[in-house]
There are 2 protein chains.
Amino acid sequence: MQTNIENGTKRDLNRENILKIAREIFSKYGYKKTTLDDIANAVRKGKSSLYYYFSSKEDLFQAVIMKEVEILAHELEIVINRNTDPVDKLRDYILTKLTTFRSLANFYHAIENDVTAIEFIEEIKRRYEQDEIRMIKRILIEGVRKNEFEIYDFNLAAIGITTAIKGLEMPLSAGNYGAVNLERSVDTILKIICYGIMKR
Amino acid sequence: MQTNIENGTKRDLNRENILKIAREIFSKYGYKKTTLDDIANAVRKGKSSLYYYFSSKEDLFQAVIMKEVEILAHELEIVINRNTDPVDKLRDYILTKLTTFRSLANFYHAIENDVTAIEFIEEIKRRYEQDEIRMIKRILIEGVRKNEFEIYDFNLAAIGITTAIKGLEMPLSAGNYGAVNLERSVDTILKIICYGIMKR
DNA sequence: TATTTTTCGACTAAAAAAGGCGATCAAAGT
DNA sequence: ACTTTGATCGCCTTTTTTAGTCGAAAAATA
């Protein structure tokens, strides 16, 4: 019944393989420095063959990013559905997001001057911001129901927290402090948020 | 008295800085994928300015490699002049060479198809092979003087050992086994060499 | 101020890359 | 065997990038 595996088999399998390898190369060299020949060689196909699966370099790149984003979304979904304390859930959510995001950041790297790619990624971020707000809101609502949070305007709160997370993301894509106190930063911010949120 | 620092000051300083940064970028992306603009931006100069210091991209690249080679040569010189047991010296020599060589190997990486660069590096290797043989010979001679080795044809022995070392280098530049039993490999080969060499 | 060193922007020629297209090749189904 | 459809590839064109040039203009030095 699984269309992906039963139906378009070969084609989809090839596609997936290309995506997997393209991901590696893109993340290593960035969009601009990666050529379709690089990818084609790596998958042991002619460059032309790539066009059988993707309509353009940008199309391929977007597919790679999309897949990455889906993985992230999936992981976040799992975190959100775990039956944990709302505070922990908030914490896990943020940490998962940032950790996975770090790998996405590799795509930024060396893209720098490449306007097209950056704009595309920004576009994706914008689009997923709404989802993010929604997810945060769910956590907040759950927190209130469990009588741990005390919030009057969910929307505003969710937006605020989302903004805070964005603040944490920035140094990941811009500057390059590797494994720096990511966790510590999160906890600090979380503490601030909580003490203005927790029921006393 | 130090001409480098006292005389051509500014120019040489700039040159050195360019070399340093170029080294990083080359080793990251390889010769082909590195553009002069990449380097120029990194050193905060216009691309044209680079041509004031180097006559071409290849010239710059060669200068980078040269510097790397000199560093290696210097380190080897130190090892050779240390007052250690000949066997240890041989061991240290090989290990130092291979370790430093590993960083050089980065320049290979992503060069793969780039014939020009590869040929140039090969050329350097060829040129330094003579030096290498000479150094090994010094160690062997010292070993005999200290009554630890028993060798009849220094030249042949030195050439043989040099060849063995080359064998160890190969997987470093070609394949990519990172921190793999380098030391173990060296010891093994060394053991073989010694038991055919050591006075009993 | 005159001279020399250093930087750079604008330009060109050459190389590399993206992308297109039709000819093949391989695998199914008939 | 043979026709159809899916997949690959080589060759070609067009566009983009890149190395490299040159003269003019800053900056530094004398």
Side-chain angles (χ1 to χ4, degrees), chain A residues 3-22 25-26 28-64 110-120, chain B residues 3-22 25-26 28-64 110-120:
Chain A
T3 328
N4 295 352
I5 299 174
E6 195 187 326
N7 194 15
T9 334
K10 290 231 175 85
R11 185 143 209 259
D12 290 348
L13 240 54
N14 267 337
R15 234 186 101 100
E16 285 306 309
N17 185 242
I18 293 176
L19 281 179
K20 195 186 97 204
I21 290 181
I25 303 184
F26 274 132
K28 187 169 188 178
Y29 295 119
Y31 180 74
K32 202 176 175 188
K33 279 192 190 297
T34 300
T35 74
L36 287 184
D37 272 312
D38 288 339
I39 297 172
N41 288 337
V43 297
R44 298 178 164 280
K45 287 200 192 312
K47 181 181 59 166
S48 312
S49 300
L50 295 185
Y51 283 91
Y52 181 68
Y53 298 94
F54 302 92
S55 69
S56 71
K57 180 183 180 184
E58 198 173 315
D59 184 37
L60 170 54
F61 181 69
Q62 296 191 356
V64 169
I111 287 182
E112 291 148 17
N113 40 8
D114 182 42
V115 192
T116 321
I118 281 194
E119 273 184 1
F120 170 63
Chain B
T3 327
N4 295 352
I5 299 174
E6 198 188 325
N7 196 12
T9 335
K10 290 237 174 81
R11 187 144 209 261
D12 291 348
L13 240 53
N14 267 337
R15 235 186 100 99
E16 284 307 309
N17 185 240
I18 294 175
L19 281 179
K20 195 187 97 204
I21 290 180
I25 303 184
F26 274 131
K28 187 169 190 179
Y29 295 119
Y31 181 74
K32 203 175 176 192
K33 278 191 189 299
T34 300
T35 74
L36 288 183
D37 271 312
D38 289 340
I39 297 172
N41 288 336
V43 297
R44 298 178 163 280
K45 289 203 190 313
K47 181 183 58 166
S48 313
S49 301
L50 295 184
Y51 284 89
Y52 181 67
Y53 298 94
F54 302 92
S55 70
S56 69
K57 181 184 179 183
E58 198 173 315
D59 184 38
L60 171 54
F61 181 70
Q62 296 191 356
V64 169
I111 286 181
E112 291 147 17
N113 40 7
D114 182 42
V115 191
T116 320
I118 281 193
E119 274 183 359
F120 170 63

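Here is how names work: the chains are called A, B, and so on, in the same order as the sequence lines, proteins then strands, and each is numbered from 1.
Ring geometry for A/Tyr31 versus A/Phe26: interplanar angle under 30°, hence parallel rather than tilted (30 to 60°).
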For nucleotides 23-28 of chain C, tabulate all protein N/O to nucleotide N/O atom pairs closer than 3.5 Å, reporting atom names and distance.
from	atom 1	to	atom 2	distance (Å)
C/dA28	OP1	A/Lys10	NZ	3.2

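No N or O donor and acceptor, one from the side chain of A/Lys47 and one from the base of C/dA17, sit under 3.5 Å apart. Between the side chain of A/Ser48 and the base of C/dG20, a donor-acceptor pair under 3.5 Å is found.
You'll find the side chain of B/Lys20 stays beyond 4.5 Å of the side chain of B/Glu16, heavy atoms only. Looking at heavy atoms from C-beta onward, B/Val43 lies in side-chain contact with B/Leu50 at the 4.5 angstrom threshold.
Spacing between atom CG of B/Asp37 and atom P of D/dG20 amounts to 12 Å, rounded to whole angstrom units. Rounded to an integer number of Å, the gap from NZ of B/Lys45 to P of C/dC8 is 6 Å. One interatomic measurement links the two molecules: CZ of A/Phe54 to C1' of C/dA18, which rounds to 16 Å at whole-angstrom precision. Atom pair A/Lys33:NZ and C/dA18:P shows a separation of 13 Å (rounding to whole Å applied). As a whole-Å value, the separation of B/Asp38 CG from D/dT17 P is 13 Å. Rounded to whole angstrom, the span from the CG atom of B/Asp59 across to the P atom of D/dA19 amounts to 14 Å. Spacing between atom OH of A/Tyr31 and atom C1' of C/dA17 amounts to 11 Å, rounded to whole angstrom units. Separating the CG atom of B/Leu50 from the C1' atom of D/dT18 is a distance of 13 Å, rounded to the nearest angstrom.
Residue A/Ser56 has its side chain nearest to C/dG19 when only C/dG19, C/dA17, D/dT18 are considered.
Side-chain atoms of B/Asn17 never come within 3.5 Å of backbone atoms of B/Leu13 as a donor-acceptor pair (strictly under, hydrogens ignored). With hydrogens and angles disregarded, a donor-acceptor distance shorter than 3.5 Å links the side chain of B/Lys57 to the backbone of B/Thr34.
Within the 4.0 Å cut-off from OP1 or OP2 of D/dG6, not a single side-chain nitrogen or oxygen of A/Asn14 is found. One finds a side-chain N or O of A/Ser49 lying less than 4.0 angstrom from the OP1 or OP2 phosphate oxygen of D/dC9. Residue B/Tyr51 places none of its side-chain N or O atoms closer than 4.0 Å to OP1 or OP2 of C/dC8. Remark: A/Arg11 is not in phosphate contact with D/dG6, judged by side-chain N or O atoms under 4.0 Å from OP1 or OP2. Listed pair B/Tyr52 / C/dT6 meets the phosphate criterion, a side-chain N or O lying under 4.0 Å from OP1 or OP2.
Note on A/Tyr53: only backbone sugar-phosphate atoms sit closer than 4.0 angstrom, heavy atoms only; bases stay farther off.
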- Query: Should A/Asp38 and B/Lys33 be marked as a salt bridge (charged side-chain N to carboxylate O under 4.0 Å, His left out) after you check the CA-CA gap, both sets of side-chain angles, and the distance that decides it?
  - Reply: CA-CA 11 Å; A/Asp38 288 339; B/Lys33 278 191 189 299; 2.4 Å; yes
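Note that the CD1 atom of A/Ile18 and the CZ atom of A/Phe54 stand 5.5 Å from one another [nearest 0.5 Å].
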